[in-house]
Amino acid sequence: MSMDSAKEFISKIGASPELQEAVNALQGTGVLARMVDLGVAHGYTFTEDEYRAAVVDLADGALSDEALDEVLREAGFEP
């Protein structure tokens, strides 16, 4: 499991309309756990914390964990 794997998966999402659709369909409580499961289904292994860290890192540190949680809540996801 690694943050690098999460970053690779995020990059793959950006390049795949099918994955974008699958990610957009994720809603409600446990969305991060389902994101991890989606990553595993596509050959990427990472934890929820590693995924969060990857998002923050890819945002060049512009998002704190608290800001990321707020963005997820506003989008209808429960972090």
Side-chain angles (χ1 to χ4, degrees):
M1 293 186 240
S2 76
M3 189 169 77
D4 289 336
S5 183
K7 287 181 182 180
E8 290 172 17
F9 183 60
I10 292 167
S11 177
K12 184 172 181 174
I13 292 168
S16 169
E18 292 87 13
L19 271 177
Q20 290 172 22
E21 188 174 316
V23 169
N24 289 336
L26 299 177
Q27 296 182 11
T29 303
V31 71
L32 289 178
R34 289 193 306 273
M35 180 68 79
V36 169
D37 292 341
L38 185 61
V40 169
H42 288 274
Y44 298 89
T45 304
F46 50 86
T47 66
E48 290 179 29
D49 288 337
E50 289 166 339
Y51 182 80
R52 285 178 182 209
V55 170
V56 170
D57 191 60
L58 290 171
D60 291 326
L63 291 176
S64 66
D65 286 342
E66 293 79 19
L68 177 59
D69 287 347
E70 184 61 27
V71 169
L72 290 170
R73 274 192 285 281
E74 287 179 13
F77 302 118
E78 185 61 35

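Both backbone and side-chain heavy atoms feed into the values below; hydrogens, waters and symmetry mates do not. Residue numbers count from 1 along this sequence.
A donor-acceptor pair under 3.5 Å links the side-chain atoms of R34 to the main chain of T29, judged by distance alone.
Taking CG of L19 as the start and CG of N24 as the end, the distance is 10.5 Å to the nearest 0.5 Å. Considering CE of M3 and CD1 of I10, their distance stands at 9.5 Å, rounded to 0.5 Å.
The minimum heavy-atom distance linking Q20 with A15 is given by the pair NE2-N, 4.2 Å. A pairwise comparison of heavy atoms in L38 and A22 identifies CD2-CB, 4.1 Å as the closest pair.
Among residues at least two apart or in separate chains, there is no salt bridge (charged side-chain N to carboxylate O under 4.0 Å, His left out) pair with a member in residues 10-30.
In this structure, the ring-ring contact (aromatic ring centres under 6.0 Å, His included) partners of F9, at least two apart in sequence or on a different chain, are Y44, F46.
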